[in-house]
Protein chains: 2
Amino acid sequence: MSALDDVARAAGVSTATVSRALSGRGRTSEATRARVREVAERLGYVASATAAGLASGRAENIGVIVPLMDRWFFATVLDGIASRLAPRGYDVTLYNVTDDPAQRRRLFETALRRRRVDAVIVLSVALTDDEVAALGSLGLPVRGLGVPRGELGGPRVDDTAVGRAATQHLRSLGHRDIAHIGQSVAGGGPADPAFDIPSRRRAGFEAEMAASGLTGRFVAGDFTVAGGARAARELLTGPHPPTAIFAGSDEMAYGALTAARERGIRVPADLSIIGVDGHDLADLFDLTTIDQFPHAQGERVADAILAAVTGEAGPAAGGGVPRSAAASGPLPFSLVTRGTTAPPPG
Amino acid sequence: MSALDDVARAAGVSTATVSRALSGRGRTSEATRARVREVAERLGYVASATAAGLASGRAENIGVIVPLMDRWFFATVLDGIASRLAPRGYDVTLYNVTDDPAQRRRLFETALRRRRVDAVIVLSVALTDDEVAALGSLGLPVRGLGVPRGELGGPRVDDTAVGRAATQHLRSLGHRDIAHIGQSVAGGGPADPAFDIPSRRRAGFEAEMAASGLTGRFVAGDFTVAGGARAARELLTGPHPPTAIFAGSDEMAYGALTAARERGIRVPADLSIIGVDGHDLADLFDLTTIDQFPHAQGERVADAILAAVTGEAGPAAGGGVPRSAAASGPLPFSLVTRGTTAPPPG
DNA sequence: CTGAAAGCGCTTACAG
DNA sequence: CTGAAAGCGCTTACAG
């Protein structure tokens, strides 16, 4: 005696009709549908996700693989994803990936293979070849967001352009002695560094500097506040401190700000600093940054995965351009000029 | 021809035996179990979560209701929860609750009733009576973390003590003119303000001030950086600015720091500021705070929910005190003295 | 310890 | 448009 039976009985129809009326799949007369829905509502009936999933093959659930949940950027992207999925009736289950090999094996070889999700979104994590293969063998749509690999489809920011834009801003203020704080490629990264986000930002920086006949310095941070502080201290205590720093993330920029403060170096009078992200607190720090709209990024990848799962072209019918093509264009970013950048001293 | 059948065939046993060998439930000979596991491993077999869930009634999935996923505190707690659940084979599905009434109805009346989860954890959200009732009617274990209601069990910090400790620190430095930035009770909160976290912190503040025969001022922030800045501006531009501010959260304390900076008020020479949380960037801001170990809070509530779901007393056998009793004690907090607090001027 | 069989609560061809 | 029935892929009493 399932709950479905109760509804069918109360509405005087078969369970098949209840299922059709409630899901909207298959034909039902308007009158029947209305009556069934009314009865279901009154009885507080909601179909069991596991039973429906088993019978239909649709889990109505999207898996999201995310590193470091306590990092602002990912939390914000996740929020964007959830904001698009929930209204469509999709749940999101979280798969936190760490550096622990045993944990990763459990994730890719077991957790993800339980058929609990219809598709998976991968947020900026460096995956091994085996892991990419494991994802592929799932037979599920997979989209990455900012993943450092070409293998996974999904929207992405043109990070080379981001690197160029940040550098251009500094150059246009007159800086010639600019250092970049980023991530060293060796740091446990994936196979092909050419697809790496930090590498792209750095490449943009170097290209822009080279275009002016300049050479930029590079110091490795690790995309944390502490790493940024460490890198900035190295730069600022050297024989020839730069007049400007382009940090590959806002959090590293905060670290650079601290390092400058420690040494009594005035920002922006003595030193300009620009970050990347559009972090929550950038306004508080009065930090100039390249905003990459992480919340919107989450929305975009959620829409893309939904389109893949439902086989739709997208919510809006639109004109001649297929929605999928539009959705696969590069993600926007924007320079936000605040008080940490100014012309160089002298 | 299910995947289970393949394994059973290859191992030369029945599907029942495969199920028992793989799950560890029921008896199986050591030899059979080893062989079945070896075959399953070789074939890459992992039981379908939806089929197993339907048959067993166990979803092996915990729902977490969380507001504002992009808030550091919640993201950190979530990380703590996931870190305990994943190793035990439990997935976590996220239910983001916002202020949108339609969205909340969808959550409490539909999403949560799909039997996708074995239990639910509620993170600090103000629930209406109807929502608490809806949670109760789920027939599932429910634990809150820092929920402003007595109805939901679960570990919690003694926030009155937190308020007292912060105030004591300021008092011990010699401050007499202390203001508290918190949250106004009217702000869309739940029925009983007595269970409210912000109210408790404020009560602790007032009790401690009263004990010295002093009266503290109160200004409402809204637990955001901007709200803290606004409240602090109000205090600092008044006729009689305080010599110390106790902010109910680190993020509001950051706002207060900004407001002081705007006005050229030196911290801590002219003004002391203390926050609550143990935020990631507190170290960067050199902020004195009451750390409440959010990651550990997540671990604790995850353990509590796991105990409720599995009916266990907990992982460690322990001594005479039941684990559950120990786990229900108040959560720890700790004063971290940094550079934003000092004796008052003069 | 192991197997045959029923059943978990839905969805969906297939007929009508 | 609607119903009877099979089936989704497991788990679990129930026997043996």
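Computed from a predicted structure; not experimentally measured.
- Pairs of residues two or more places apart, or lying in two chains, that qualify as side chain to side chain donor-acceptor pair (under 3.5 Å) and include a residue from residues 43-67 of chain B are Arg114(A)-Glu60(B).
- Counting only heavy atoms from C-beta on, Leu54(B) has its side chain closest to dG9(D) among dG9(D), dC1(D), dT12(D).
- Among the atoms of the strands shown, none is found under 4.0 Å from any heavy atom of Thr50(A).
- Residue Tyr45(B) places at least one side-chain N or O under 4.0 Å from the OP1 or OP2 atom of dC10(D).
- Among the nucleotides dC1(C), dG9(C), dT12(C), the one closest to any side-chain atom of Ala51(A) is dG9(C).
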**Q.** Watson-Crick or G-U pairs under 3.5 Å in DNA chain D, rendered as dot-bracket with [ ] for crossing pairs and | for another strand
**A.** |||.||||||||.|||

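- The CD-P distance, from Glu30(A) to dC1(D), rounds to 10 Å in whole Å.
- Residue Ser56(B) places none of its side-chain N or O atoms closer than 4.0 Å to OP1 or OP2 of dT12(D).
- Within residues 11-23 of chain A, the residues having any heavy atom closer than 4.0 Å to DNA chain C are, in order of number, Ala16(A), Ser19(A), Arg20(A).
- Look at CZ on Arg9(A): it is 16 Å from C1' on dC10(C), rounded to the nearest Å.
- Counting only heavy atoms from C-beta on, Ala55(A) has its side chain closest to dG7(D) among dC10(D), dT2(D), dG7(D).
- Here Ser29(B) reaches the OP1 or OP2 of dT2(C): one of its side-chain N or O atoms lies under 4.0 Å away.
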